[in-house]
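Fair warning: this is a prediction, and the values are worked out from it, not measured in the lab. First listed ligand is number 1; within each ligand, the first listed atom is number 1.
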Amino acid sequence: MPITGENLIGAAARRGEGETFRAVEAATGQSLEPAFASATPADVERACALAAEAFDTYRETSLEDRARFLEAVADAIVAVGDELIVRCMAESGLPRARLEGERGRTVGQLKMFAGVVRDGGFLEARVDPAQPERKPLPRPDLRLRQIAVGPVAVFGASNFPLAFSVAGGDTASALAAGCPVVAKAHPAHPGTSELVGRAVQAAVKQCGLPEGVFSLLMDSGISVGQALVADPRITAVGFTGSRRGGVALMQTAAARPVPIPVYAEMSSINPVVLLPAALEARGRDIGRAFVGSLTLGSGQFCTNPGLILALEGAGLDGFLEAASAALKETQAATMLTPGIHKAYCAGIAALEANPAVTTLARGLAGGTHQGQAALFSTTAEAFLADHTLAEEVFGAASLVVRCPDLAAIRAVLERLEGQLTAAVHLDEADHDAARALLPVLERRVGRILVNGFGTGVEVGHAMVHGGPYPATSDGRTTSVGSLAIHRFLRPVSYQDLPAALLPAALRDDNPLKLWRRQDGKLTAPGA
Ligand SMILES: NC(=O)C1=CN([C@@H]2O[C@H](COP(=O)(O)OP(=O)(O)OC[C@H]3O[C@@H](n4cnc5c(N)ncnc54)[C@H](OP(=O)(O)O)[C@@H]3O)[C@@H](O)[C@H]2O)C=CC1
Ligand SMILES: O=C(O)CCC(=O)C(=O)O
């Protein structure tokens, strides 16, 4: 499939008339062909108008048709073939195996949402039948279902060019909810974005859906994204990226005459607590496993273990020795963009220059665009006194906080901002300590995990990939897993509607065979 550098607006491919730009080969910094042209305000206008036009038809597609569409998107992405992986490797610097895995996750995610749609549980149908005889007042007939919120703007993330990008989790969950999507390609991987966008566009056509169900806009800067979020037809936003970018979009969304929600996944340092019995028993093994997680994808995961909390002692010494030895042998790896590499180097330099911080180990040095892993340590006292030590350094860098006692671990956790994950390494003898920390962790993070690390999010029904601000802009939701669909739904109640006007989900004969809450009681279809 040729990459043309065009914007995909509904069924059309239109060359933008804005600034032109090229993708950059991550490993070399060389420009790649072809030139992409940024979308203009008229392109944004057209994409949003088509999305609004498509909305009422798309949101009322049958559950089966919508599920088949999601499956068709998945199949079309696979059908792009190796070209997608090759282009994505060049643009992101990520290795083949990682990207093939990520494509599998992207496709699996779309198929999972197809299952969610077929199941129909997300509609949360409720029926409170009328009670005309009720005293002192009769009860009206009340029925509730969830409907799609409207067109959604999705910002592709730089660090997951497939699974968190054009047809990633935000797009899959929005389409599953019944929302048209206008995606903004990340300029770090515009060719990958176009290939995936064309696959979605083909699936829209193949399924006979209105063309406005999907559009993809290119931009080398921020004006298209800003215009999208400000457009009155956009009703919600999905974003993964920097805190600065996410907050800017939240402000634009809040300043609109009609404010809308922005579901932004932003910064997180993902504390890892090493409890004493576990550390004593297998500190060295944990140290080696930690370096594996830290350096995965050159550390460019928002779930990266950026903060380690442990009690001083022989167990911690063993952990640090093993982690430092493993880290020193870690090859430097190409980072996603020169900008991300520069920000990483600046973050490392700031830690190295901090008198309260000791450099424990550096990975092997690499080329111009490669990130060199780093492990630092400090004391709990110093950490609590300097808020800059809690800032995310995006890349393979982590800070170990040496704590004199469990109270210090707790104090550090209490001081942290909201996080996506917290990991606790424990043995049975650590259960009391863990029990005492759990309430703090529940207040701080979206996912608590034991004897592992947060990188590699499972796409499932019980997953939360979210957390209190600034991990995300709204800690009540998730961007991964089937619960993500709820970001793009809202409840509508129907009071005393004649049977002929009721949506299928709420009819007495329950033609969609849904589990429904009937007069407050969860009821099987046909019961
Ligand atoms: N925690 C996490 O999950 C991640 C964190 N990051 C952090 O973000 C830094 C930069 O990486 P990057 O991926 O480019 O993230 P950004 O947040 O800078 O960009 C993400 C997307 O949002 C757009 N954008 C950014 N700011 C604005 C704005 N003010 N108005 C409208 N659109 C905007 C960008 O457009 P454009 O690029 O065209 O400006 C891009 O499409 C990294 O160094 C890292 O610190 C990055 C990825 C994931
Ligand atoms: O760890 C993962 O699998 C996902 C990480 C993520 O969401 C991110 O880096 O943006």
N-O pairing of Arg46 and Asp43 below 4.0 Å | no
Region of Ala248 engaging ligand 1 - heavy atom pairs below 4.0 Å | side chain
Look at the aromatic rings of Phe290 and Phe319 and report parallel, tilted or perpendicular, splitting at 30° and 60°.
-> tilted
Atom 13 (O) of ligand 1 - nearest protein heavy atom and its distance = Ser158 OG, 2.5 Å
Subset of ligand 2 atoms that lie under 4.0 Å from at least one heavy atom of Thr455 | 1 (O)
Counting distance only, does the side-chain N/O of Glu211 pair as donor-acceptor with the main-chain N or O of Ala11 below 3.5 Å?
-> yes
Taking both backbone and side-chain atoms of Thr303, is any N or O found less than 3.5 Å from an N or O belonging to ligand 2?
-> yes
No-hydrogen, no-angle side-chain donor-acceptor test under 3.5 Å, Thr472 and Asp474 | no
Those atoms of ligand 2 less than 4.0 Å from some heavy atom in Arg105 = 2 (C), 3 (O), 4 (C)
Which bit of Ala188 gets closer than 4.0 Å to ligand 1, counting heavy atoms only: side chain, backbone, both or neither?
-> neither
May I ask you to say whether Glu33 pairs ionically with Arg22, meaning some side-chain N is under 4.0 Å from a carboxylate O?
-> yes
Tell me which one of Val459, Val457, Asn270 gets a heavy atom nearest to atom 2 (C) of ligand 2.
-> Val457
shortest atom 6 (C) of ligand 2-to-protein heavy-atom contact is with Cys302 SG, 2.7 Å
Classify the contact between Thr337 and ligand 1 as side chain, backbone, both or neither, using a heavy-atom distance cut-off of under 4.0 Å.
-> neither
Ligand 2 atoms in contact with Phe160 (distance to a heavy atom under 4.0 Å) | 2 (C), 3 (O), 4 (C), 5 (C), 6 (C), 8 (C), 9 (O)
If we number the atoms of ligand 2 from 1 as shown, the ones under 4.0 Å from a heavy atom of Thr240 are 10 (O)
Donor on one side chain, acceptor on other, Thr421 and Asn270, under 3.5 Å = yes
Ranking Gly241, Ser242, Gly245 by closest non-hydrogen atom to atom 17 (O) of ligand 1, top hit is Ser242
How does Asn159 reach ligand 1, if at all, at less than 4.0 Å between non-hydrogen atoms: by side chain, backbone, both, or neither?
-> side chain
Residues forming a ring-ring contact (aromatic ring centres under 6.0 Å, His included) with Phe453, sequence neighbours excluded | His425
Taking heavy atoms and a distance under 4.0 Å, where does Glu265 meet ligand 1: side chain, backbone, both or neither?
-> side chain
Relative to atom 45 (O) of ligand 1, which among Phe155, Phe301, Tyr344, Phe394 owns the nearest non-hydrogen atom?
-> Phe394
Applying salt bridge (charged side-chain N to carboxylate O under 4.0 Å, His left out) to Arg105 and not counting sequence neighbours gives none
Side-chain ion pair, Arg98 and Glu102, N-O less than 4.0 Å = yes
Flag the pair Arg362 and Glu352 as a salt bridge only when some basic side-chain nitrogen lies within less than 4.0 angstrom of an acidic carboxylate oxygen.
-> yes
Who's the nearest protein heavy-atom neighbour of atom 7 (O) of ligand 2, and how far?
-> His465 NE2, 2.6 Å
Without hydrogens or angle criteria, can the side chains of Ser482 and His461 be said to hold a donor-acceptor pair below 3.5 Å?
-> yes
Tell me, which protein residue and heavy-atom name are nearest atom 37 (O) of ligand 1, and how many Å apart are they?
-> Pro187 CG, 3.2 Å
Residue-ligand contact Gly456/ligand 2, heavy atom below 4.0 Å | yes
Nearest-neighbour protein heavy atom for atom 19 (O) of ligand 1, which is reported as residue plus atom name and distance | His186 NE2, 3.9 Å
